[in-house]
Every structure is written in C-alpha cells, then in structure tokens.
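Just below is one structure, and these are the notes that go with it.
In what follows, chains carry the letters A, B, and so on, assigned in the order in which the sequence lines appear, proteins first and then strands, with residues in each chain numbered from 1. Here the structure is a predicted model, which means the values were calculated and not measured.
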Protein chains: 2
Amino acid sequence: MKNNKEVVHCIVDYGFKRVGGKYKGRILWVLRDSVLRYGELKRAIVGVTPKMLTQTLRELEVDELVSRKVYLEVPPKVEYALTKSGQELIPFIEQLRIWAKNQMEQKNITVNSL
Amino acid sequence: MKNNKEVVHCIVDYGFKRVGGKYKGRILWVLRDSVLRYGELKRAIVGVTPKMLTQTLRELEVDELVSRKVYLEVPPKVEYALTKSGQELIPFIEQLRIWAKNQMEQKNITVNSL
DNA sequence: CTGAATCCTAAGCGATACTG
DNA sequence: CAGTATCGCTTAGGATTCAG
C-alpha cells in the first residue's frame with residue numbers, strides 16, 4: 001500500500017512534480033505528434049525497461065496527461081496519446097528544448113547514442 | 001570521488017536534467033526578480049535543509065544558471081542571482097506555472113502551507 | 001551568517017524472468 | 001504484444017551537528 005500524500009509547496013513545485021522523473025519529459029515529447037503503441041514507445045525511449053515504461057505511463061495517466069486505449073484484439077494492441085492537458089504542455093517543453101539546444105551548442109555537448 | 005559521466009539521451013532529456021531535482025525549479029523561480037542572500041533563500045524555499053540548499057545551488061552554479069557573489073565582510077554575506085542562461089529559463093518556468101495553476105484549479109488542489 | 005561533515009533512510013530505478 | 005513480479009542496488013534526499 002502506497003501513501004499518496006504529496007506535499008506541494010507552491011505552484012511551480014506542483015508543475016515540476018508532474019513532469020519530473022527520468023522519462024516523463026521524453027515520453028511526452030515523442031507523443032507530441034503521433035499516437036504510439038507500447039512497443040513503439042519502448043523503441044523510441046532508448047534505455048527504458050518495461051517496468052519503468054509502464055510505471056511512468058501509469059503516472060502520466062493518473063495525472064491525465066496521457067490517455068491509454070486498449071484494442072481487444074489478438075495479439076493485443078494498446079495505443080498511447082496525449083490528452084488535451086498533455087498537449088498544452090508541449091509548447092513549454094519545446095521552449096525548454098530550444099534552451100537546451102543552445103546550451104549544448106555553447107558547451108559542445110553531444111547526445112549519447114547508445 | 002564522484003563519477004560525473006552523465007548519459008544524455010536527447011535534447012529534451014538534457015533540458016529536464018538541468019532543472020530536475022526537488023528544489024531547482026523553486027530556487028530559479030524565487031530568483032527571477034531579485035538577488036537573494038543565502039538566508040533569504042533558505043526562508044523562501046520552505047522545508048529545504050542547508051545541505052540540500054547548498055548542494056542544489058552548487059549544481060546550478062556548475063550549470064551556470066545561477067551566480068554566486070561573496071562579500072568579504074564579517075559577518076559573511078553571499079548573494080545568489082540568475083545568470084543570463086538562468087534568466088532565459090524563466091519564461092518556460094512561467095509557462096509551466098500557468099499550466100500548473102490551471103491544473104490545480106481544475107482538480108481543486110491547494111498548496112501545502114507548512 | 002553561510003555553510004561543511006556525517007550518518008542514515010527512502011524511493012527511484014535497473015535487471016531479469018515470467019504471463020495472458 | 002503488452003505488460004507483471006521480484007529482487008536488489010544506487011543515490012537523492014533528510015536529520016543533525018559542527019565550524020570559520
């Protein structure tokens with residue numbers, strides 16, 4: 001049993017808690033313009049384990065940033081998409097991305113391509 | 001000795017890593033329009049311990065989001081301020097804050113006032 | 001006043017195996 | 001295909017004390 005009492009100190013705090021953690025930002029970003037299946041997400045988010053992917057998707061679902069649609073087929077098919085709230089987050093992630101891009105160029109940092 | 005090899009999977013990942021952690025967002029936000037001394041920051045960021053405050057400020061310094069100015073006086077006086085890169089981050093935090101405010105209103109969430 | 005040092009806990013995360 | 005279950009590690013973070 002998990003104790004879900006989250007202490008929110010201010011509005012900014014609340015906002016960062018929604019998109020914090022190791023994978024949330026990347027997941028929201030890859031879902032920005034396409035609905036993706038579980039396996040597609042798994043391949044897109046390099047390095048994520050099934051456990052963490054599922055866990056993170058559940059949290060995003062609870063916060064209503066991502067929706068989950070199950071197709072009753074064999075083999076199973078599940079699609080993930082941004083909700084309206086999730087989409088509203090994209091422009092701001094885009095800003096962060098532009099900022100990050102500039103920083104990385106200034107500091108000559110390159111992306112780790114496993 | 002700490003191993004500083006940070007694995008960056010993509011640009012968005014890099015961006016979130018710069019502002020991630022429990023206090024970075026709040027610190028950047030309170031510094032948005034004022035230069036603050038260590039003690040003032042301590043009072044502003046409710047619940048932070050000196051260890052975490054110092055540690056977080058050091059990380060922000062290394063990333064060059066915050067500058068540290070020491071006055072050689074007795075008693076000591078140290079001022080923290082946003083750098084140019086840090087200031088460039090404010091619009092994005094502001095957007096996130098607006099988004100969070102809407103979310104909290106929709107969900108009837110209130111801020112924890114210790 | 002502005003921290004540093006130490007010790008400790010919790011939780012986030014990883015690896016692996018298994019299933020309807 | 002889309003997940004669970006289990007175990008174990010690592011590290012972020014907390015509590016407290018001390019110091020220039």
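- Counting to the nearest Å, the P atom of D:dG20 and the CG atom of B:L72 are 17 Å from each other.
- Proximity of B:K51 to the phosphate of D:dT17: no side-chain N or O atom is located under 4.0 Å from OP1 or OP2.
- When each of B:T56 and A:E40 is assigned the nucleotide of DNA chain D with its nearest heavy atom, A:E40 is the one assigned upstream, toward the 5' end.
- To the nearest angstrom, C1' of D:dA12 lies 15 Å from CD of B:E6.
- Residues A:R97 and A:E94 are not paired through a salt bridge, judged by the lack of any N-O separation under 4.0 Å between the basic side chain and the carboxylate.
- Tested against B:L31 for a side-chain contact (heavy atoms from CB on, under 4.5 Å), the candidates B:I90, B:L36, B:L65, B:L60 yield a single pass: B:L36.
- Here A:E59 pairs with A:K24 in a salt bridge; the nearest charged N to carboxylate O distance falls below 4.0 Å.
- Taking atom CG of A:L41 as the reference point, atom P of D:dC1 lies 14 Å away to the nearest angstrom.
- A close approach under 4.0 Å does occur between a side-chain nitrogen or oxygen of A:R68 and OP1 or OP2 of D:dG3.
- When the P atom of C:dC1 is taken as reference, atom CG of B:L53 falls 14 Å away, rounded to whole Å.
- The distance between atom CG of B:L57 and atom P of D:dG13, rounded to the nearest whole Å, is 14 Å.
- The nucleotide whose nearest atom lies closest to any side-chain atom of B:K22 is, among C:dA15, C:dA4, D:dG13, D:dG13.
- Taking the side chain of B:P75 as heavy atoms from C-beta on, and the options C:dC1, C:dG3, C:dC13, the nearest nucleotide is C:dC1.
- Across all strands, B:Y23 comes closer than 4.0 Å only to sugar-phosphate atoms, never to a base (heavy-atom distances).
- Between B:K77 atom NZ and C:dC1 atom C1' the separation is 12 Å, expressed in whole Å.
- For the OP1/OP2 pair of D:dG3 and a distance below 4.0 Å, the side-chain nitrogens and oxygens of A:Y80 include at least one atom meeting the criterion.
- Taking 4.0 angstrom as the limit, B:R37 places a side-chain polar atom (N or O) nearer than this to OP1 or OP2 of C:dT2.
- Per the geometry, CD belonging to B:E73 stands 13 Å off P belonging to C:dG3, to the nearest Å.
- Remark: B:R32 qualifies as a cation-pi partner of B:W29 under the 6.0 Å distance and 45° angle criteria applied to the six-membered ring.
- Closest to the B:M52 side chain, of the nucleotides D:dG3, D:dG13, C:dT2, is D:dG13.
- Bending across the helix from C:dC1-D:dG20 to C:dG20-D:dC1, expressed as the angle between its end axes from five pairs apiece, amounts to 60° (10° rounding).
- Toward the 5′ end of DNA chain C lies the nearest nucleotide of B:Q55, the other residue of the pair B:Q55 and A:P76 mapping further downstream.
- Taking the six-membered ring for Trp and thresholds of 30 and 60 degrees, B:F16 and A:F92 have ring planes more than 60 degrees apart, a perpendicular arrangement.
- Taking 4.0 angstrom as the limit, A:R58 places a side-chain polar atom (N or O) nearer than this to OP1 or OP2 of D:dT4.
- Nearest nucleotide to the side chain of A:V78, out of D:dG3, D:dA15, D:dT6: D:dG3.
- Minimum heavy-atom separation, A:A81 to A:V35: CB-CG2, 3.8 Å.
- At a threshold of 4.0 Å, the pair A:R43-A:E40 does not count as salt-bridged, since none of the basic side-chain nitrogens sits closer than that to a carboxylate oxygen.
- Taking atom CD1 on A:I45 and atom P on C:dG14, their separation rounds to 13 Å, with Å as the unit.
- In this structure, B:K107 places its NZ atom where more than 12 heavy-atom neighbours from other residues, nucleotides or ligands lie under 6.0 Å away.
- A sub-4.0 Å separation between OP1 or OP2 of C:dC1 and a side-chain N or O of B:K42 is absent.
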